[in-house]
2 protein chains.
Amino acid sequence: MPRTKQEEPNTHRATQVVNHIRALIENGALQPGDKIPPEREFARSLKISRASLRTGIGYLAAMGVMKVRHGVGTFVADGPAEFGQTSLSFMGALHGFQSWQMFEARIILERQVAALAAERGKEEHHAALAEEVAEMFASMNTPSEYLIHDVRFHRIISQASGNPILAALVETITSALYDKRRKTVERSTDLRESAEMHREIYRAIRARKPVEAGQLMEEHLRLAQAAQSVESPTERKALSASSRPRSVRAEARIQTS
Amino acid sequence: MPRTKQEEPNTHRATQVVNHIRALIENGALQPGDKIPPEREFARSLKISRASLRTGIGYLAAMGVMKVRHGVGTFVADGPAEFGQTSLSFMGALHGFQSWQMFEARIILERQVAALAAERGKEEHHAALAEEVAEMFASMNTPSEYLIHDVRFHRIISQASGNPILAALVETITSALYDKRRKTVERSTDLRESAEMHREIYRAIRARKPVEAGQLMEEHLRLAQAAQSVESPTERKALSASSRPRSVRAEARIQTS
DNA sequence: GTGTATACTGTGGTCTGACCATCAATGATG
DNA sequence: CATCATTGATGGTCAGACCACAGTATACAC
């Protein structure tokens with residue numbers, strides 16, 4: 001039979017839930033930070049089982065669109081946009097991402113983002129950046145705290161770029177690099193230089209010098225990359241025992257640890 | 001009573017599943033394309049209920065790490081890396097992404113990606129690109145088909161860049177733009193010009209001229225953007241009457257656990 | 001009154017076990 | 001030999017009970 005275009009009252013329940021919520025968000029009924037009805041109630045109203053509803057919500061939570069808090073409720077995400085939390089690290093394991101690739105991507109993105117921030121940044125952004133820079137200088141002896149301000153600094157620049165999509169992309173890569181970073185910073189004895197570079201970037205942005213801001217950012221990231229690689233163990237490699245026909249073989253070794 | 005402090009391995013079941021599978025992937029026991037055990041069996045081996053296992057799998061599926069096929073089985077994703085399918089369009093609705101922002105991001109990424117492809121592209125990529133260009137010229141009268149080759153062309157360039165992370169980012173944005181694109185192309189009577197631009201880009205890449213390739217790509221995308229906006233309906237606006245202003249500082253410090 | 005402990009309520013988290021839906025392979029039928 | 005019905009494996013959904021967590025109200029000390 002030719003076209004029997006499956007209309008859609010039928011899609012998988014989870015998909016149904018996703019679409020329903022998408023609609024609510026698109027028409028403004030749901031906004032960031034809002035809470036959705038309790039599962040039991042919501043499920044009843046959608047005429048599906050609570051289990052299915054949960055599947056759909058889980059899906060959205062994985063994408064970072066919703067945030068579930070045990071004992072409290074389920075809310076629409078409101079923080080900075082980001083693509084599924086662990087997604088990048090996972091894909092890293094899957095497709096063999098290497099750290100130089102992450103840095104390459106980060107440099108390309110942040111360089112442009114810094115330039116845009118220099119063009120479009122507002123007073124509030126400048127003020128926020130200034131504060132973070134000050135905090136960085138103040139916490140040069142506390143690596144863990146320093147890192148926090150470092151991260152915020154970059155995040156503010158992303159926001160200042162005026163392009164939430166770019167900000168989300170940067171956020172995704174940054175968060176994936178965060179763990180490794182934490183260790184590196186721990187043994188870094190020279191945060192002063194880093195802090196000063198941030199200050200220069202800040203100045204270039206405030207002075208609205210796109211090109212300069214971009215160059216400084218790139219330079220900064222290259223140094224960070226160098227510092228990081230100093231102790232990066234053997235870049236994962238040779239994990240698979242070569243190519244053998246894929247079939248059910250993997251099933252054998254799987255068991256509870 | 002002192003505490004019945006249940007020590008540790010106690011994370012949420014779904015998280016448990018996610019971590020377990022992550023481990024299997026990281027140590028090579030699971031590779032792209034592999035099939036995991038049937039739910040019932042797997043659940044038993046993990047000592048958790050099937051429902052919980054499903055929650056975890058759903059989570060992974062949402063992130064695009066796993067692919068579930070009703071009646072067949074669950075597999076580790078193997079196609080080109082990409083961040084959760086609908087994620088971008090969702091975040092668009094959530095954070096009010098606008099199409100110019102998508103294009104801005106795309107231009108920044110693809111310009112650099114094209115440059116990298118010009119530097120690192122291999123023979124096979126050149127050949128593949130040549131073929132797609134040829135197909136484009138051959139299908140100038142069939143918009144829908146033309147689009148397919150257009151998409152492939154860009155995807156090949158992403159792969160040729162040698163950086164799967166950048167490829168994944170491009171893929172994510174591109175797929176989000178795909179739908180709109182489809183309509184635009186439908187009424188475009190001038191695919192010849194587009195095809196010729198693609199050919200030029202291809203030539204620049206094969207000739208290993210990064211800068212030129214980047215510039216051509218940018219130019220191409222700007223034209224595409226212009227063509228698109230010709231009929232873009234009311235850019236979504238009036239997102240929310242009560243746009244509660246949030247200071248930059250506030251947002252920046254929202255998370256930092 | 002103040003403060004801490006307890007109970008209660010609302011909400012998400014998990015479990016069980018049955019049944020439905022889909023797909024692929026197999027065998028029966030013509 | 002081709003087509004179609006059957007069957008087995010596997011994911012999808014359901015219902016309802018019970019567990020766990022967080023916040024708040026209440027009780028009871030002091």
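A, B, ... follow the sequence lines: proteins, then strands. Residue 1 opens every chain. For the numbers below, each heavy atom of this structure counts, side chains included, while hydrogens, waters and symmetry mates do not. Here the structure is a predicted model, which means the values were calculated and not measured.
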field: Short side-chain to backbone donor-acceptor contact, A/H149 and A/Y146, under 3.5 Å
entry: no

message: Strictly under 4.0 angstrom, non-hydrogen atoms only: write out the protein contact profile of nucleotides 11-21 of chain D, one letter per nucleotide from the 5' end, B, S or -.
response: BBBSS-BB-BB

- prompt: Any idea how B/H70 and A/H12 line up, ring-wise: parallel (<30°), tilted (30 to 60°), or perpendicular (>60°)?
  reply: tilted

Flag for A/T142-A/S139: side-chain donor and acceptor within less than 3.5 Å: no

statement: Smallest heavy-atom separation, B/Q101 atom then A/P164 atom, equals NE2-CD, 3.3 Å

Span of DNA chain C in contact with chain B (heavy atoms, under 4.0 Å): C/dT14 to C/dA24

- prompt: Pairs counted as Watson-Crick or G-U wobble with both distances under 3.5 Å: what dot-bracket string results for DNA chain D, using | for bases tied to another strand?
  reply: ||||||||||||||||||||||||||||||

Aromatic ring pairing A/H20/A/F42, orientation class (parallel under 30°, perpendicular over 60°, tilted between): tilted

field: Side-chain donor/acceptor of B/D34 to backbone N/O of B/V76, under 3.5 Å
entry: no

field: Close side-chain approach of A/I148 to A/V151, heavy-atom, < 4.5 Å
entry: no

- request: Considering non-hydrogen atoms only, spot the tightest contact between B/A43 and B/L53 and give its length.
  value: N-CD2, 3.7 Å

task: Give a yes or no answer on whether the side chain of B/E41 reaches the backbone of B/P38 with a donor-acceptor pair at less than 3.5 Å.
output: no

query: Side chain of A/H125, backbone of A/K122: donor and acceptor closer than 3.5 Å?
result: yes

